[in-house]
Amino acid sequence: MEVFPSPLESAKFIAEHSKDVSVDEEGARRVAESLFDKASAAEFGLAGWKSLHELNPRTADKEAVDWVFLVDTLNFSFWSEQEERKYLVKYKNKTYSGYWSLCAAVNRALDEGIPITSASYFATMTLDQVRHVFRSDTEVPLPLIEERHRVLNESGIILLEKFGGSFLTCVKMCEKSAQKLLHLILENFPSYRDEAVFEKKKVSFYKRAQILVADTWSVLEGKGDGSFDDISSLTIFADYRIPQVLVHLKAMKYSEELMKKLREGKLFQSGDKEEVEIRGCSIWCCALICKHLQELYQKKGQDMHEKINAVLLDYYLWDYARDHREDMKDIPFHRVRCIYY
Ligand SMILES: Nc1nc2c(c(CN[C@H]3C=C[C@H](O)[C@@H]3O)cn2[C@@H]2O[C@H](COP(=O)(O)O)[C@@H](O)[C@H]2O)c(=O)[nH]1
């Protein structure tokens with residue numbers, strides 16, 4: 001398989017050569033200071049993945065790991081062209097949008113007796129069955145349904161043929177190393193290869209591959225097969241919400257020209273220069289915030305290596321973005337239709 005620089009090396013290179021997006025070092029420091037008191041609180045910790053999110057699995061068994069694999073294989077492109085017309089899923093008297101609508105549809109299918117998280121099922125699902133499982137409670141369907149069908153069949157067949165049908169087999173093969181699991185995912189599951197070329201250099205983001213490792217760590221509660229000793233080597237996951245919140249928090253800036261394109265709702269293509277700069281600078285900006293947070297704790301004589309890493313920072317910022325949608329409405333997100341985030 002072709003070797004790409006890691007997401008962190010890629011992010012550093014992109015941030016150093018970016019034209020329309022800049023990381024504000026002072027702004028990143030201020031964000032770290034503002035998070036300082038929160039970082040030792042419960043909602044910043046690993047337990048928040050279950051305690052804060054009712055749709056996430058409660059258990060830490062094989063079924064829970066397979067739920068995570070299925071969801072992260074489909075964890076992309078939920079944004080709608082018009083805010084008032086979007087894909088929604090009603091589940092247990094609550095209506096979910098965006099990423100959570102995907103989880104609601106999966107849980108709805110499981111409640112209906114459809115074994116949607118079993119590789120033997122999604123390896124051979126038809127397009128009509130995918131449409132049924134992910135049916136909308138509005139007239140707006142889930143975006144990229146054909147691509148979702150393709151990646152489901154592809155991933156299911158690979159899991160069956162190479163890993164006995166369960167992602168837990170992949171986890172066990174990686175001997176508690178996040179990096180080994182990341183590379184096993186990239187070597188075996190093509191839809192996770194989230195890469196680009198920038199200034200003639202190959203770069204990688206691996207958003208879904210890294211969040212799959214992170215969500216596996218979370219669902220296994222950092223214990224047993226999920227006690228990854230190198231979880232801190234992951235970066236944040238370069239989606240379309242983290243950039244928005246970083247600009248909102250003034251840790252990252254867009255040029256006037258880029259802001260204009262974003263406000264017009266321009267549809268970018270995966271790999272466009274502006275898209276690569278937004279995603280790379282987001283990763284680099286969060287690496288700086290993490291570094292500043294560690295330094296603040298060290299000054300206080302507290303070693304927070306176990307508590308502060310890009311994964312927990314990412315989860316916190318992503319949840320913050322969901323909870324502050326209204327405050328952030330003047331910061332546009334970048335629009336790309338792709339299977340990578
Ligand atoms: N960086 C980052 N991106 C994330 C997530 C998640 C879900 N993680 C949750 C599960 C457990 C954790 O505790 C998190 O609460 C989804 N996404 C991305 O967001 C976009 C969807 O946004 P919206 O349309 O507003 O729902 C889309 O690109 C999707 O791929 C994350 O955690 N980090």
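Whatever order the structure lists them in is the order used to number ligands and atoms, beginning at 1. Sequential numbering from 1 along the given sequence is applied to the chain's residues.
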Distance under 4.0 Å to a non-hydrogen atom of Gly98: what atoms of ligand 1 satisfy this? 24 (O), 26 (O)

Would you kindly confirm whether Leu52 and Ile236 end up in one hydrophobic cluster when ILVMFWY residues are joined by side chain heavy atoms under 4.5 Å apart? no

Got more than 12 heavy atoms from elsewhere within 6.0 Å of NZ, Lys90? no

For ligand 1, note which part of Asp314 has a heavy atom under 4.0 Å away: side chain, backbone, both or neither. side chain

Glu274 versus Tyr254, side-chain donor and acceptor atoms under 3.5 Å: no

Tell me the contacting part of Trp318 for ligand 1: side chain, backbone, both, or neither, using a 4.0 Å heavy-atom threshold, strictly below. side chain

Measuring from atom 32 (O) of ligand 1, which candidate in Tyr341, Tyr87, Tyr315 has the nearest non-hydrogen atom? Tyr315

Per-atom contacts of ligand 1 with Arg325, taking only distances under 4.0 Å to non-hydrogen atoms: 25 (O)

For Ser218 and Tyr315, does a side-chain donor sit closer than 3.5 Å to a side-chain acceptor? yes

Identity and separation of the nearest protein heavy atom to atom 18 (C) of ligand 1: Asp239 OD2, 3.6 Å

Does at least one non-hydrogen atom of Ile236 fall below 4.0 angstrom from an atom of ligand 1? no

Establish, yes or no, whether the cationic atom of Arg241 lies under 6.0 Å from the six-membered ring centre of Trp79 and within 45° of the ring axis. no

Output, in order, the C-alpha distance, side-chain angles, deciding distance and verdict of side-chain hydrogen bond (donor to acceptor under 3.5 Å, both in side chains) for Tyr99 and Asp239. CA-CA 11 Å; Tyr99 165 81; Asp239 71 323; over 6 Å; no

Is a side-chain donor-acceptor pair under 3.5 Å present for His53 with Asp319? yes

Heavy-atom contacts under 4.0 Å between Asp319 and ligand 1: side chain, backbone, both, or neither? side chain

Tell me whether ligand 1 is touched by Lys207 - counting only heavy atoms on the residue side and a distance under 4.0 Å. yes

What do you reckon, does Ile211 put a non-hydrogen atom under 4.0 Å from ligand 1? yes

Cluster link Val276 to Met259, ILVMFWY, side chain under 4.5 Å: yes

Within 4.0 Å of some non-hydrogen atom of Arg322, the atoms of ligand 1 are 23 (P), 25 (O), 26 (O)

Does Lys273 NZ have over 12 foreign heavy atoms under 6.0 Å away? yes

A quick test of your reading: do over 12 heavy atoms of other residues, nucleotides or ligands sit less than 6.0 Å from NZ of Lys253? no

Are Trp67 and Ile114 in one and the same hydrophobic cluster, where Ile, Leu, Val, Met, Phe, Trp and Tyr link if side-chain heavy atoms are under 4.5 Å apart? yes

Near Asn56 (heavy-atom distance under 4.0 Å), the atoms of ligand 1 are 11 (C)

Heavy atom under 4.0 Å from ligand 1: found in His53's side chain, backbone, both, or neither? side chain

Name the closest protein heavy atom to atom 11 (C) of ligand 1, giving the residue it belongs to and the distance to 0.1 Å. Trp49 NE1, 3.1 Å

From the candidates Tyr99, Tyr240, Tyr316, Trp100, the one that places a heavy atom nearest atom 20 (C) of ligand 1: Tyr240

Do any nitrogen or oxygen atoms of Phe76 come within less than 3.5 Å of a nitrogen or oxygen of ligand 1? no

Side-chain donor-acceptor pair under 3.5 Å between His292 and Glu25, yes or no? yes

For atom 29 (C) of ligand 1, what is the closest protein heavy atom, and at what distance to 0.1 Å? Asn75 OD1, 3.1 Å

Please state which option from Lys86, Arg241, Gln244 has its nearest heavy atom closest to atom 22 (O) of ligand 1. Arg241

Are Trp79 and ligand 1 in contact, using a heavy-atom cut-off of under 4.0 Å? no

